[in-house]
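Have a look at the structure below, then the notes.
Predicted model, so just to flag it, every value in this text is computed and none were measured. Every chain is numbered from 1, with letters handed out A, B, ... down the list of sequences.
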There are 2 protein chains.
Amino acid sequence: MAALAGVSPATVSRSLSGQGNVSAQTRERVRDAARRLSYVPSPLASGLASGRTRTIGVVVPFLTRWYFGSVVSGVTRVMEAAGYDVLLYHLGSAADRDRFFARMPLARRVDGVLSLCMPLTEDHTLALRALDIPLVSVGSRMAGLPSVCIDDVAAAHAAVNHLINLGHENIAFVGGIPDDPGFGFVSSELRLRGYRSAMGAAGLAPPSALEVFGRYGIDGGATAMARLLSGARLPTAVFAEYDELAFGALWSLRRAGLAIPQDVSVVGLDDHEMAEVLDLTTVGQDAASQGSLAATMLLETLDGRSDTPPTDIVLPTELRVRGTTAPPRRGVGVVPST
Amino acid sequence: MAALAGVSPATVSRSLSGQGNVSAQTRERVRDAARRLSYVPSPLASGLASGRTRTIGVVVPFLTRWYFGSVVSGVTRVMEAAGYDVLLYHLGSAADRDRFFARMPLARRVDGVLSLCMPLTEDHTLALRALDIPLVSVGSRMAGLPSVCIDDVAAAHAAVNHLINLGHENIAFVGGIPDDPGFGFVSSELRLRGYRSAMGAAGLAPPSALEVFGRYGIDGGATAMARLLSGARLPTAVFAEYDELAFGALWSLRRAGLAIPQDVSVVGLDDHEMAEVLDLTTVGQDAASQGSLAATMLLETLDGRSDTPPTDIVLPTELRVRGTTAPPRRGVGVVPST
DNA sequence: ACTGCTCCTGGAAGCGTTTGCAGACGGGGA
DNA sequence: TCCCCGTCTGCAAACGCTTCCAGGAGCAGT
């Protein structure tokens, strides 16, 4: 390459990277040669020499859940535009996570890391910190790290208060539990806490039998709802930790022949693209924006424009009332309707 | 590192990689030292020196569509287990795609590439080939490349024949069109072709007004269906190119007050996780397996176990009859019911 | 004791960039 | 005319590994 353009490798590097002084004429000559050879500087060599890899790592627990797909999509959009590459680590289970931290493939390979809602132990967080590269957390706040997320407690409040305002008293919580113990999401806890405190604030202390859990995803929501259906007393309303669980709950309810929202109201959290189709009342969040914002924050830190100290950005959520919520049928759930 | 273990860098490399002869005792000593320092060999340096990066590139047009999320999920599972890293390139538009090929970030950075259904021009395919690294195509067959996919034509046949066997004659096709011209999927074409040939084989040559298109995703399905709803004569059945379009179509139909399947039958293709919830009849495919199979094929080639010549694996599809299809109401769609 | 092995280890040459340093060149001010 | 300075370019030393090659040690067979 250097030979074809008739210059030294040093000049090739300067011409192509735009760093340092190169005469316009030389630069053009080098660019021409590069084009002719379809030469691209080796990212490996470049990274090794410069210490910057122009690559970031993204760590996700799921890919097929709406929230994560949307966030990653937002991230890649920004990174792609900035000329950064994205290394994707899909850590679906505690075992995956342990292998990941044992191997630490991120070390000296990425300039920064985006951790999406990853449930991490103390040790793992320390291991990430030890990499000594910028880190941004998306979807859950991590001590001392910049983050982008929503206020999960407030979002849960909004959902539950909506039900309470409609007159519901007997409100259940449908949550997801991890496949592996110790792999639970922070946001799950927060949403549960939000549910409890909203209930408490309304003077409705729900029995723990109204808090049911299933595996992540639609099936989990269906299973959890089935548990409620087999309970002593059917709630008049259900708040699901996120929309996919709500879809599962709806499914169970329909199969049970119950009318929604007449018999049971359901509210979710996310505003998944299917929520509108299923006419699900939900508290909406903008996942793709979370991704692009986090990516932008990370880039700013990487480019040294880190004049901003680590910030926690909290994106707004908004209740979207649709057809799965309504006032409870009078008497239903309390005494058999006459 | 070498110092701590009291050996040369060469021995460190051999001990950690397992290549070459090292006494068990030395190896243990090196491993200990590595553990103590939490030392991980620099992937960049290692790649530069050895020529193997232990990284593959995955190119996808979408992340938030079920099919792609599932495939990528299958891919990462296999790659993670094999100790490979995955570089994700999300090329959502023709512009993204062009930028990608201009920058060619894959060059000298990955050992292999997985291309998921990417609509590529001749030039782009050549550019990929020029990288001279193993390439596997998922979801669409590419000339001369190993691939993993389903038989789209046959799958469409299965869907349409199901409708025909139920007695439908007036069957519409709902398809997705790309945001950018020249960014259309091969599988879309094949499914359309399958629709036409199944119709033709039954002696039902549909007017082109029965082939409607919307943007990718649920919205697109809804828009396309709306077009049918505003047409001169409502079909008694609809085949949607993939489930998300079918969901959109169902949505439109419901909003229009039509009963499913009494007024209109709908069949999709994918068996998206929501299909069961919506009770959608569909032709199922296993996207995650496609991803893991393709990843395995790629790994085999990379590890030199490429005793197998480039293969095209065709995974089976299966009609899953659910509640959105039924025989047409007699007379409906032909003359107003009396 | 010497030869010929095998097994283990270290030296050193890359891999393809980036970047600090220095030299060459040319122009403007004293 | 001389000197200084700014601009452009090349040299060469990293960057942190892998791998070829050679040498040393230990051992068995003559």
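Note that the two end axes of the helix from C/dA1-D/dT30 to C/dA30-D/dT1 enclose an angle of 50°, each drawn from 5 base pairs, rounded to 10 degrees.
One interatomic measurement links the two molecules: CD of B/Q25 to P of C/dT9, which rounds to 8 Å at whole-angstrom precision. Atoms OH (A/Y39) and C1' (C/dG16) sit 7 Å apart, rounded to a whole Å. In this structure, A/L44 atom CG and C/dG16 atom P are separated by 10 Å, rounded to whole Å. Protein atom CZ of A/R54 is 11 Å distant from nucleotide atom P of C/dT18, rounded to whole Å. For B/E28 and C/dC8, the CD to P distance is 15 Å, given to the nearest whole Å. Rounded to whole Å, atom C1' of C/dG16 lies 7 Å from atom CZ of B/R108. Straight-line distance from the CG atom of A/L16 to the P atom of C/dT17: 9 Å, rounded to whole Å.
A donor-acceptor contact shorter than 3.5 Å is absent between the side chain of B/D180 and the backbone of B/S93.
Here the CG-CG distance, from A/L315 to A/D286, works out to 6.5 Å after rounding to the nearest 0.5 Å. Atom OG of B/S140 sits about 8.0 Å away from atom CG of B/L120, to the nearest 0.5 Å. Between B/L128 atom CG and B/M118 atom CE the span is 9.0 Å, to the nearest 0.5 Å.
Looking at heavy atoms from C-beta onward, A/V78 lies out of side-chain contact with A/V75 at the 4.5 angstrom threshold. Within the 4.5 Å cutoff, no side-chain heavy atoms of B/V72 are placed close to those of A/H90.
Aromatic ring centres of A/F185 and A/Y216 lie closer together than 6.0 Å.
Here B/R52 does not reach the OP1 or OP2 of D/dC17: none of its side-chain N or O atoms lies under 4.0 Å away.
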Subject >> Contact pattern, 5' to 3', of nucleotides 4-15 of chain D - B, S or - by protein heavy atom under 4.0 Å >> reply: ----SBBB---B
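A/R215 meets the side chain to side chain contact (heavy atoms under 4.5 Å, CB included) test with A/D179; sequence neighbours excluded.
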Original post:
Could you walk me through whether B/T26 and B/S23 pass the side-chain hydrogen bond (donor to acceptor under 3.5 Å, both in side chains) check?
Top reply: CA-CA 5 Å; B/T26 311; B/S23 74; 2.6 Å; yes
